[in-house]
There are 2 protein chains.
Amino acid sequence: MPLTLKDIARMVGVAESTVSRAINNKPGVGEETRRKIMKIVKEYNFKPNQLARGLAKKETRIIALLLSDLATPGYTEIIKSIEEVANRAGYQVILCNTANDIDKEKAYLELVARNRVDGAIIVGGELADKNILNLALNKEGRLVLVNRLAEEVLIPTILVDNAKGGYLATAHLIEQGLSRIAIIMGSIQDFLESEKLNGYKQALKDHNLPLREELIFETDGSRESGYNTFLNLMELDEPPGGFFVTSDLLAVGLIEAIKMGGYFIPDDFAIVSYGESLITSIINPPLTVVAEPLNKLGRLAAEYLLKLINNQSPDRVIRVLEPVLKMRASSNPQIKS
Amino acid sequence: MPLTLKDIARMVGVAESTVSRAINNKPGVGEETRRKIMKIVKEYNFKPNQLARGLAKKETRIIALLLSDLATPGYTEIIKSIEEVANRAGYQVILCNTANDIDKEKAYLELVARNRVDGAIIVGGELADKNILNLALNKEGRLVLVNRLAEEVLIPTILVDNAKGGYLATAHLIEQGLSRIAIIMGSIQDFLESEKLNGYKQALKDHNLPLREELIFETDGSRESGYNTFLNLMELDEPPGGFFVTSDLLAVGLIEAIKMGGYFIPDDFAIVSYGESLITSIINPPLTVVAEPLNKLGRLAAEYLLKLINNQSPDRVIRVLEPVLKMRASSNPQIKS
DNA sequence: CAATCTTCCGCAAGCGCTTGCGGAGATTTT
DNA sequence: AAAATCTCCGCAAGCGCTTGCGGAAGATTG
C-alpha cells in the first residue's frame, strides 16, 4: 500500500491540505514547512495518486489518439510527435486503433464523455460523422482532427494541402517535358485523394494541357492495382510518359509492372509518388515524392488539443500545412539512382 | 455537467448504491427496479465516471505499453494485437515511446506506481535494469516483458527464439549448398542479436562446418553498414557465398552493394534476412526471411498481463515462440523473383 | 402463527486528493 | 497602542463511485 497525502501529513506534523499545497507549488506554505515536507516526500519517493487528483480536479491528463489504421506508413511519425508534445506537457496518450471500424471509434470517443480522457485527436479515416459532431458540439468534447474533415461543424483541424501536393507532383512532371501524365489514385470518395486529383487538374490547366479522363485511374490503393493499372494504361493509343501515384504501395506495383515490361525509369516513364516512407528511398529507382510534414502535423495537433483543454482557442481553427517535393531519380534522369 | 449516479438515483427514486449495483450487474437488485434503472440509464445515455470508479476500486483499466522505438518495423503489429486483446477485456492502452531513453522509461514506469495504470508491457530495449527490478519486486508491479530479458528476477516474459531463428536461416543457406556463410548482425551486446549468432554457430557446428571469425560482422544495423560490410567481405581471400543478415535495413544496404558490384542474387550470393517487414517483400529480389510471430507475441503479452492484473499467474513465466523461415527468391534460384 | 430465511435496498463510510474559508499569530499602519 | 493587514496553515466539504452492514419487507418453514 503506497503512501498517501495523509501519511505524509502525519509524518511531518501538518495538515493534508498543506502537503497538497506544498507538492503543487502553491502559495500559502511557509518556506520552512515546505522544505520539511519536500524532504519527506523525496525520502519516501511519494507520488500522489493521479486518480484521486483527477477526480478532485476533473481532469485526467490523458488524451486519446484515434487512428484509422496503425500500420499506415507515416503514422508512426505523427504518433511520435504527438506523444512527445503531450509528454512534455505532462500528458499521456492512449492509443486507439479504430481499424476503420465505426463502432470502435464511437466506443473510444465515449471515453471522452466518461471522463477518461481530457481530449482526443483523430487522424485519418472517413469523413467525420454524427458521433464526432455530437462530441464536438458537446462542450466536453475537446477534439482535434488531423487529415480529416468534419461535416458542418467547425472542429479544429490540421490538414496537409493535398491539392498543393498534387499540383507540385504534376507540375514537376510537366517540367520534365512530359505532356501526357496519368494519375493513379485511391478512392475518390476520400477527401485527401480527391484533393490530390484537384491539384493534378489545376496543374494541367495552368500549363495549358488538356485533361484526359482516360488518364485518371481510381484504384483500391493496393500494390496489385498499381501493377494492373500500368497494364491497362499501356493499351491506350497514346500511353502516358509520366505517373503521379498517390501512394507508395501503388508505386511499388507500378514499378514492378514497368520493369516487367522491360522499360526504364525515368527514361521511359517518370514517376512521382506521395508520402515519404522508407520504401520510397529503398526501391529502385528511388522515388521522387511529395513529402508531408508529418512531425509538424503531429506537433500542431497536440498543441491545438492542449490549448483546447486549457480553454484557450487555437489561433486558427483550420491549419493547412504545405507539402514539399523531394526530387529523386524516378522522375529525373539527371539524378544518379 | 454530465449526469452522476446520484442524479440517476434521484430520477428513479432509489439509492445511489442500488443504481451502482444495477449498472454493474451485481445481485441484490430486484428485477423491476433494475429495469427502471436501466431504462433511465439508456434514456440519458449515462456513463459512470471512470475516474471515480477507479478511485473506489483501485484500478484504472489502463495498461502502459513501453516501446524502445515506435518506428521499429514489426512493432506496429505487436501494438495492434496488444491493443486488440486489451480492448476486448475492457482495457485501454497508453503508448510510451521511450526512445531508448532510460529516464523516460523510468518516468513511465512510475505511472504504474502512481496508480495511473494497472500494469505495463515493455517491448524491446536493453537488458532490464534496476528500475524494472524494483517495479517488479514491488507487489504493485504488474509487468510483462517482450523480447527483452530481466536480470536476476523472474518477470513474465515472452520471447522469440532467436537462436532458433539464426539456426533456421543458417541451415537453410547450408542446404542451398553453401559452406562459407557470413553473418551480418547488430550489436552483440543486444541479447536478441547474440542469440541469433548462437543459432548461426550451432547450425554450422551441426553441419560440420568450421566457424570462421572473419565471417562474423558486428555493425550498427544501418543501411550503410550493410553496404560497407559487403565491400569488406569481398576483400577476403575467400568471400562468402551466403549471408545471414539480422535486420532489414542491413539487408537493403547489402543488396545495394551486391548489385553495385555487378553480382546477382541469389546466383552469386544468397541472402536470408530477419523480420518480415514490407521492405523484404518489395525489394528485388524478395528476401527469404526468418519471420517472427508478431501477432502472437502481442497477444500473449497482453493475455499474460491481464492474468497478472487479475491475480492469476500465467501458466509459464517465460514463453518462447518459434520463428519460421519464409523462403523467397533471395536464397533460392528455383523461386522466380 | 411464531420463528427463521431470503430478497431487496438504503445508509454511510471510504477511495486520495483539492480548495474555499476562516482563525491565530506576526507584521504593518494611523 | 489599537486597528488593520498579511502570512501561514488547518478544517471540512466535496469530486463520483463502490461496498459492507443492517433493516424492512415478503417468503418459507415447523
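Residue numbers start from 1 in every chain, and the chains themselves are labelled A, B, ... in the order their sequence lines are given, proteins ahead of strands. Keep in mind the model is a prediction, meaning the values are calculated, not measured.
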How many whole angstroms separate atom CZ of Arg53(B) from atom P of dC15(D)?
19 Å

On the nucleotide dG10(D), are OP1 or OP2 found under 4.0 Å from the side-chain N or O atoms that Ser17(A) carries?
no

dG14(C) C1' sits how many Å from Leu5(A) CG, rounded?
16 Å

Between P on dG16(C) and NZ on Lys57(B), what's the gap in Å once rounded to a whole number?
16 Å

Looking at every strand, decide which applies to Gly30(B) at a 4.0 Å heavy-atom threshold: base, sugar-phosphate, or nothing.
sugar-phosphate

Between CD of Glu16(B) and P of dA13(C) the distance, given in whole Å, is 14 Å

Report which part of the nucleic acid Ser20(B) touches: base, sugar-phosphate, or nothing (heavy-atom distance under 4.0 Å, all strands).
base

Answer yes or no: does atom NZ of Lys104(B) have more than 12 heavy-atom neighbours from other residues, nucleotides or ligands under 6.0 Å?
yes

Side chain of Asn49(B): nearest nucleotide among dC11(C), dC17(D), dT18(D)?
dC17(D)

If you count heavy atoms of other groups shown closer than 6.0 angstrom to CD of Gln189(B), is the number above 12?
no

Assign each of Ala56(B) and Thr33(B) to its nearest nucleotide of DNA chain C by heavy atoms, then name whichever residue's nucleotide is nearer the 5' end.
Thr33(B)

Test side chain to side chain donor-acceptor pair (under 3.5 Å) applied to Arg316(A) - qualifying residues, sequence neighbours left out:
none

Any side-chain N or O of Asn24(A) under 4.0 Å from OP1/OP2 of dT18(C)?
yes

Can you confirm whether Lys296(B) is buried at NZ, in the sense that more than 12 heavy atoms of other residues, nucleotides or ligands lie under 6.0 Å from that atom?
no

For the residue pair Gln92(A) and Arg116(B), confirm or rule out a side-chain donor-acceptor distance under 3.5 Å.
yes

Looking at Lys58(A), I'd like to know whether one of its side-chain N or O atoms comes within less than 4.0 Å of OP1 or OP2 on dG16(D).
yes

Calculate the interatomic distance between Gln50(A) atom CD and dC17(C) atom P; express it in whole Å.
10 Å

Output the rounded distance in Å from CG (Leu51(A)) to C1' (dG14(C)).
14 Å

Does dG10(C) have OP1 or OP2 under 4.0 Å away from a side-chain N or O of Thr18(B)?
yes

Walking DNA chain D from its 5' end, the first of Leu55(B) and Lys26(B) to be reached, judged by nearest nucleotide, is Leu55(B)

When the distance from CZ of Arg21(B) to C1' of dC8(C) is rounded to whole Å, what number comes out?
9 Å

Round to the nearest Å and state the distance from Arg10(B) atom CZ to dC9(C) atom P.
19 Å

